[in-house]
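Structure, as C-alpha cells:
Keep in mind that what you see is a predicted model, and the values were worked out from it rather than measured. Throughout, a chain's letter reflects where its sequence line sits, starting with A, and its residues are numbered from 1.
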Amino acid sequence: MSDKKQNEQQVILTDNSRQLPAQFFKKSHDLLFSQLSLSPREHDIMALLLSRLHQEHWQSYIDGTAIRAPAYQFKSDVLCEWLGVSSTNLYNTLSGPAENLANRAIGIRQPDRKEFDFVSLFKRLSYKDAVLTIIPNDELMKEYLGVSQGHAQVDHHVFRKLKKEHSKRLYPLLSRFKNEAHTLHPQTIEELHGFFGLLNEKGQLIKTSFTNNKVFIDRCIRQPIEEIAKHDPNLEFLVSDTGTFGYKAIKSGRKIAKVEFLYRWRRPVNKQEQAERVKLANEVAPLDRAEMVYDLVQQFVPGDSGNPSVEELNTMMMYTAQLMESGRALDADFMAKFSVAMSEAMG
DNA sequence: GTGTATGTAGTTCCAGATAC
DNA sequence: GTATCTGGAACTACATACAC
C-alpha cells in the first residue's frame, strides 16, 4: 500500500488486488438499512470502495490534520479483476455507472423522527488515466465507518456473481443476520419499499408498478432469492407452508402486509473457507473478531476443525458489552454453548 | 469511443380468486 | 355482487457486454 498525503488529503492507492480482503467486505448497519437504489455495476463499485475503507485512513481527517476526507484510488488491474472485464472494456464498463454513481443520493434513516435524510454518496468520483478515484462524502463518515455498531459481513465473491440489482441489495441484508439468536424479523411492505430504494424523499413510490405487491415481490424478493440460492452454497433457503421458496408472505386480510425471509446460514466446512476465515480473523478489528467468535460459538459443532481457541474465546468475553449492544444476546443458551466450546478448546 | 446485441428492469393488461 | 388483490404474460426502456 502506498498511502500518502496530497494537498492535505490522504490518498489510498490500490494497485494490487491483494490489498483487498480475501473474501468479505463489511457494510455498516446504517448503510445496510439506508434507502439506496443502484444498478448492478454501481453496486460493484460501491462494494469495491467498502472493501478498501478502513477507519485508520480517516484518522488525519478526524484529528484535523487533513482538511478533506481520504481519496481512494484503484488502478486498472484491480478494477479489471474486481469487475471481471478486460482492460479494453474497462472504460465502457465504468464510464456510465461512474457518472450515475457520482450523482447518487442515499437516504439515511433518522429513527427518532421516522424520516430519511438524503445525502450525496460521494464528494467526487472520476476515472482518468486508467485510475478510478472515489472521494466519499465526509458527511457520511459515520455511516461508512460505523461497523462497530453492527455490520454485514458480505462474501464479495458471491456478491460479484449476482447479476440482479435487487439481489445485490438483498444479499448483504441476509448476511447481516447469520445466526439464530440474531434474526431478521418480518419486514412490512413499506419498509421493504424503502430498503430497495423505491421511495422518493416524500416517501412515495418512484416506480409505480411496485404498488402491485405481486410485481414487487416477484422482482425484489422471489427472483433475487433464486439467484442468491444458486451462488451461495452456505445460505440455505427454506420453503414456506404455502410453497414459496425462501420467503413467506404474511397477509392482513387478503393483502400482503409483511414478508418473512426463510433462510439459515450453513457453517463453512471446507478447508479453504476455514483458512479464509482464519485469515480474515487476523485482519479484522478486535470487536469484529469478537463478533465472529461469538457467531462461531452460537453455531458450535463439537469436533469441528474451525472451532475457536481458548485465546479467541477469552478475548471475545472482553467485548461482552459491545456484543450485547450489537444485538448479540449472552443468555443462558449462549453461555452453555460457550462452556462446551471452552472445554473443547482446553482439552 | 462507438455501435450493436443481449439481458434485465419496469410497466401494463387481463383473468381468476377472494374478502367484505 | 363488488371491489380489490394475485398470478401470468407480454411489452418497452434501460443497462450491460462486447466487437470493432
Atom-pair distance (CD1 on A:I221; P on C:dT6), nearest Å: 13 Å
Pairs touching residues 31-48 of chain A that satisfy salt bridge (Lys or Arg N to Asp or Glu O under 4.0 Å), sequence neighbours left out: A:R41-A:D44, A:E42-A:R104, A:D44-A:K168
Which atoms of nucleotides 4-6 of chain B (N or O only) lie under 3.5 Å from a protein N or O atom, and what are those distances?
none

Identify all pairs in which a protein N or O lies below 3.5 Å from an N or O of nucleotides 13-16 of chain C, and state each distance.
| from | atom 1 | to | atom 2 | distance (Å) |
| --- | --- | --- | --- | --- |
| C:dT16 | OP1 | A:S39 | OG | 2.8 |
| C:dT16 | OP1 | A:R41 | N | 3.1 |

Rounded distance (Å) that lies between atom P of B:dA9 and atom CD of A:Q223: 7 Å
For A:E190, all residues meeting side chain to side chain contact (heavy atoms under 4.5 Å, CB included), sequence neighbours excluded: A:T188
A:I217 CD1 to C:dT6 C1', straight-line distance once rounded to whole Å: 10 Å
Residues in ring pair (Phe, Tyr, Trp, His ring centres under 6.0 Å) contact with A:Y171, at least two apart in sequence or another chain: none
Interatomic distance where CZ belongs to A:F216 and P belongs to C:dC5 [whole Å]: 16 Å
Donor on one side chain, acceptor on other, A:H43 and A:R169, under 3.5 Å: no
Contacts of A:A229 that satisfy side chain to side chain contact (heavy atoms under 4.5 Å, CB included) - sequence neighbours left out: A:F237, A:F245
Inter- and intrachain pairs under ring pair (Phe, Tyr, Trp, His ring centres under 6.0 Å), touching residues 64-94 of chain A, at least two apart: A:H57-A:Y72, A:W82-A:H156
Contact under 4.0 Å: A:H166 side-chain N or O vs B:dG10 OP1/OP2: yes
Helical bend (five base pairs per end, nearest 10°) for the helix from B:dG1-C:dC20 to B:dC20-C:dG1: 20°
Ion pair check, A:R68 and A:D138, cut-off under 4.0 Å: no
Pair A:F210 and A:H193, ring centroids less than 6.0 Å apart: no
Length of the CD-P vector between A:E165 and B:dA9, whole Å: 7 Å
Pairing residues for A:F195 by the ring pair (Phe, Tyr, Trp, His ring centres under 6.0 Å) criterion, not counting sequence neighbours: none
Tabulated below should be each protein N or O lying under 3.5 Å from an N or O of nucleotides 14-16 of chain B; please produce it.
none

Test side chain to side chain contact (heavy atoms under 4.5 Å, CB included) applied to A:R124 - qualifying residues, sequence neighbours left out: A:I135
All side chain to side chain contact (heavy atoms under 4.5 Å, CB included) counterparts of A:K164, not counting sequence neighbours: A:S167, A:Q223, A:E227
Residues A:Q19 and A:T14: side-chain donor-acceptor under 3.5 angstrom: no
Rounded interatomic separation in angstrom, taking NZ from A:K164 and C1' from C:dA17: 16 Å
Reported CG-to-CG distance for the pair A:L140 and A:D30, which is rounded to 0.5 angstrom: 10.0 Å
Closest-nucleotide ordering on DNA chain C, the 5'-leading residue of A:N213 and A:R219: A:N213
Nucleotide B:dT8, atom P - distance to CG of A:D218 in whole Å: 14 Å
Between C:dA17 (C1') and A:L94 (CG): distance, integer Å: 13 Å
